[in-house]
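Here the structure is laid out as structure tokens; the discussion comes afterwards.
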Amino acid sequence: MKKQTTPEKRQQFFNWNGLLIGILVLVLLNSLLAPYVGQSQIKDADYGTFITQLDKGKVSKVVVKDGYIYYDIPSVTKKATDKMSKTYNPFAQQQETQTYRTSEVNDPQLVARLLNAKAPTKTGKVEISKEVPQKSSPLVDFFVWWILPALIFWWIWRAGTNKMMKGGLGGGGGFLSVGKSGAKVYAEKEVKTRFADVAGQDEAKATLMELVDFLHNPKKYTALGARLPKGALLVGPPGTGKTLIARAVAGEAHVPFFSISGSEFVQMFVGMGAAKVRDLFRQAAEKAPCIIFIDEIDAIGKSRDSSMGNDEREQTLNQLLTEMDGFDATKGVVILAATNRPESLDKALLRPGRFDRRVIMELPDLEGRKAIFKVHLRHVKHEDIDLDAVGRATAGSSGADIANIVNEAALRAVRLGEKAVTTQDIEESVETVIAGEQKKGAVISPEEKKIISYHEIGHAMVAAMQTGTAPIQKITIVPRTSGALGYTMQVDAGEKHLMSKKEMLQQIATLTGGRAAEEVMCHTCTTGASNDIEKATQLARSMITTYGMSDRFGMVQLEQQRNRYLGGASSLTCSAETAKAIDDEVERIVREAHEKAVKIITDNQDKMNAAAAILLKKETITGKEFMEVIQK
């Protein structure tokens with residue numbers, strides 16, 4: 001039986017080899033640099049200067065070596081002083097010598113000159129010597145210049161190969177860690193996140209709790225022949241808690257947690273990403289049961305087609321597919337992956353046997369938002385918060401948005417010197433996150449302020465005079481850092497999952513109410529309606545191309561939506577003639593909604609004047625105050 005080498009022995013072997021190679025390198029450098037040691041103290045001189053100084057009796061020593069003549073000239077004896085008495089001390093004299101170098105010249109009279117010259121030495125003669133160059137052994141030269149460098153490069157190559165193929169010496173980092181996966185490994189006790197820290201995703205927690213229970217009690221499932229799902233794909237918009245819930249699964253299961261981003265597999269050299277995938281699954285197999293979490297898996301899992309054009313990315317994906325097929329699910333290795341773009345993933349990656357489950361994590365509903373507020377308010381000192389009010393005000397917000405809102409509320413409370421966070425702080429922080437901070441120093445002329453006031457009251461008036469629209473929550477003409485000079489906030493009384501054609505037409509009319517108020521009440525139109533026009537046009541186009549609410553086109557899909565969880569970019573799937581007809585239909589819907597808004601404001605000019613006057617005076621009014629004005 002062949003004896004296996006442990007990682008510790010391999011590490012010790014390479015340590016001794018490294019020490020030996022280091023000593024040989026020092027010997028080589030010493031032999032190469034020895035001739036140059038001390039060269040910086042030698043000054044160059046020409047041959048004529050050397051002969052002149054020799055004839056004057058200034059040269060004390062001459063050495064002929066390697067085609068050069070080295071000669072010493074003692075400097076003038078310096079007088080020294082006694083440090084104690086600071087007086088002249090003749091016995092403290094010191095003598096310095098400067099060495100010069102000149103090229104050796106074929107001078108037949110040089111020897112005679114040296115023998116007859118006088119010198120500042122005890123004997124009065126110049127000390128003469130010549131070093132005969134000694135040729136080193138050819139065997140030594142061959143070893144120093146060929147064998148030793150070859151050994152050094154061989155050792156570097158061998159060490160690098162071992163690191164890439166085996167994932168490091170003894171599992172540790174160090175020299176040439178090219179093949180390491182780079183995943184962050186958290187031990188069982190390091191992950192503190194639990195399911196109690198995740199709110200607003202009850203369905204996702206219920207699905208993943210089954211994986212945790214399987215890891216704790218596998219016999220309960222295997223008794224009926226059930227097997228552990230190999231992987232679960234977490235899909236949803238940014239900020240919905242995909243990474244958080246993956247950590248919660250590891251925290252509840254009390255198993256090691258491997259966390260890595262899909263972009264970390266993408267390398268410059270072909271094959272390096274595949275090596276990282278192999279190393280990741282090798283480490284996971286050694287620490288099973290455990291959980292592997294790959295964030296943003298679409299970085300390596302994009303669908304393979306003729307336009308992919310990236311051999312490194314394709315090889316990494318192929319290796320991931322192979323590893324997910326190859327490992328044994330009974331060992332308790334669960335793969336979790338997160339993405340915002342499930343439509344871009346390769347079909348082979350999504351088939352059962354690789355990612356057996358798809359966990360959808362949508363934006364939280366009203367009850368979910370209230371639960372998320374409770375989780376984040378646990379870490380903030382607060383008074384009784386009206387969760388129903390703040391929950392309704394944050395419709396469409398993700399868990400990350402709510403966390404940011406709570407933090408902004410806490411910062412506002414600190415700025416105002418409050419002892420605890422209040423409901424008003426949270427409501428103001430909602431506006432701060434949506435529209436930016438208030439621009440208290442902005443200077444707006446009275447004429448512009450009047451137009452802005454009528455513009456916002458126009459939105460509120462059209463909304464109030466239609467049945468079934470969301471109630472007005474707040475109207476303000478205080479400018480914000482986002483560029484908004486004012487806004488009208490509407491908040492639905494409850495959670496809505498569907499919107500009818502009538503409601504969409506009413507919303508378009510409300511959006512055009514600002515421009516209609518400018519035209520009717522101020523007899524002008526301004527650039528302040530640009531955002532209203534954009535939203536109204538998009539809503540009208542969606543009615544036609546996506547929701548099938550047009551009498552002309554009916555239930556025909558004319559637009560294809562992409563990246564549903566990342567903004568929902570779309571593109572038309574129709575001919576140029578149909579696209580023109582769509583534009584005409586959009587123009588008709590927006591024009592009719594605008595005409596409706598103009599009529600409502602024309603019929604209620606007295607109420608518009610009264611409400612605008614109050615808004616100009618207070619700058620911010622509530623929906624209740626607005627309704628009291630128009631009801632009178």
Side-chain angles (χ1 to χ4, degrees), residues 184 186 188-213 232 234-255 257 259 291 293 295 336 338 340 359-415 418-434 491-492 494-497 565:
K184 297 179 181 178
Y186 300 91
E188 302 173 15
K189 298 181 180 180
E190 290 183 8
V191 182
K192 306 296 183 182
T193 310
R194 299 293 185 268
F195 278 141
D197 301 318
V198 183
Q201 300 291 344
D202 296 335
E203 295 78 9
K205 287 198 293 186
T207 303
L208 295 174
M209 180 61 79
E210 192 175 42
L211 297 179
V212 175
D213 190 40
L234 308 176
V235 178
T240 50
K242 297 183 290 296
T243 303
L244 180 66
I245 203 169
R247 292 179 61 87
V249 171
E252 293 285 350
H254 303 291
V255 296
F257 182 62
S259 178
I291 293 175
F293 176 61
D295 198 8
L336 300 178
N340 310 120
V359 181
I360 307 298
M361 301 185 67
E362 295 284 358
L363 294 173
D365 56 12
L366 176 59
E367 293 301 320
R369 293 193 297 274
K370 291 163 65 175
I372 295 173
F373 268 111
K374 290 181 181 179
V375 170
H376 292 292
L377 286 172
R378 289 185 311 193
H379 309 288
V380 176
K381 189 176 180 180
H382 62 280
E383 298 177 356
D384 292 334
I385 303 296
D386 188 353
L387 294 177
D388 189 67
V390 298
R392 287 187 290 107
T394 52
S397 300
S398 65
D401 294 330
I402 294 175
N404 188 28
I405 289 170
V406 172
N407 185 60
E408 288 291 340
L411 294 175
R412 182 178 186 270
V414 172
R415 287 196 301 268
E418 300 173 356
K419 296 182 179 180
V421 175
T422 63
T423 302
Q424 185 179 359
D425 292 327
I426 296 181
E427 289 177 342
E428 179 61 30
S429 66
V430 172
E431 299 179 33
T432 300
V433 171
I434 294 174
V491 177
D492 282 306
E495 193 75 11
K496 298 192 68 173
H497 301 283
Y565 299 115

Hey, what do you get for OG1 (Thr422) to CD (Glu418), rounding to the nearest 0.5 Å? 5.0 Å
Nearest 0.5 angstrom please: Ser429 OG to Ile434 CD1, how far? 9.5 Å
Evaluation steps, side chain to side chain contact (heavy atoms under 4.5 Å, CB included), between Leu234 and Thr243: CA-CA 9 Å; Leu234 308 176; Thr243 303; over 6 Å; no
Can you confirm whether Leu387 sits close enough to Leu377 that some side-chain heavy atom of one is under 4.5 Å from a side-chain heavy atom of the other? yes
May I ask you to test the Lys242-Asn340 pair for a side-chain heavy-atom distance under 4.5 Å? yes
Between Ala371 and Gly200, which heavy-atom pair has the shortest distance, and what is it? CB-N, 4.4 Å
Residues Arg378 and Asp197 bridged, charged N to O under 4.0 Å: yes
Side-chain heavy-atom pair Val390, Thr423 within 4.5 angstrom cut-off: yes
Side chain to side chain contact (heavy atoms under 4.5 Å, CB included) for Phe195 and Val212? Distances and angles first, verdict last. CA-CA 11 Å; Phe195 278 141; Val212 175; 4.2 Å; yes
Could you give the distance from CZ (Arg369) to CG (Asp401), rounded to the nearest 0.5 Å? 11.0 Å
Answer yes when Arg392 and Asp388 have at least one side-chain N-carboxylate O distance shorter than 4.0 Å, and no when they do not. yes
Please lay out, stage by stage, how Ile385 and Phe373 fare under the test side chain to side chain contact (heavy atoms under 4.5 Å, CB included). CA-CA 9 Å; Ile385 303 296; Phe373 268 111; over 6 Å; no
Write down the atom of Val198, the atom of Ala248, and the distance for their closest heavy-atom approach. CG2-CB, 4.0 Å
How long is the straight-line distance from CZ of Arg194 back to NZ of Lys192, given to the nearest 0.5 Å? 7.5 Å
Would you sort out whether Leu336 and Val359 count as a side chain to side chain contact (heavy atoms under 4.5 Å, CB included), showing the intermediate values? CA-CA 10 Å; Leu336 300 178; Val359 181; over 6 Å; no
In terms of heavy-atom contacts, Ser398 and Pro364 come closest through CA-CD, 4.1 Å
How long is the span from the CD atom in Glu252 to the CG atom in Leu208, to the nearest 0.5 Å? 11.0 Å
Closest contact, heavy atoms only, Gln201 versus Thr240: NE2-O, 3.7 Å
Sequence neighbours excluded and cut-off under 3.5 Å, please list the side-chain donor-acceptor pairs for residues 403-412, or say none.
from	atom 1	to	atom 2	distance (Å)
Arg412	NH1	Asp425	OD1	2.4

Minimal non-hydrogen separation, Ala420 against Glu383, with atom names: CB-CG, 3.8 Å
NZ/Lys370 to OG1/Thr394 distance, rounded to the nearest 0.5 angstrom? 11.0 Å
Nearest non-hydrogen partners of Gly399 and Ile372, listed with the distance: CA-CD1, 3.9 Å
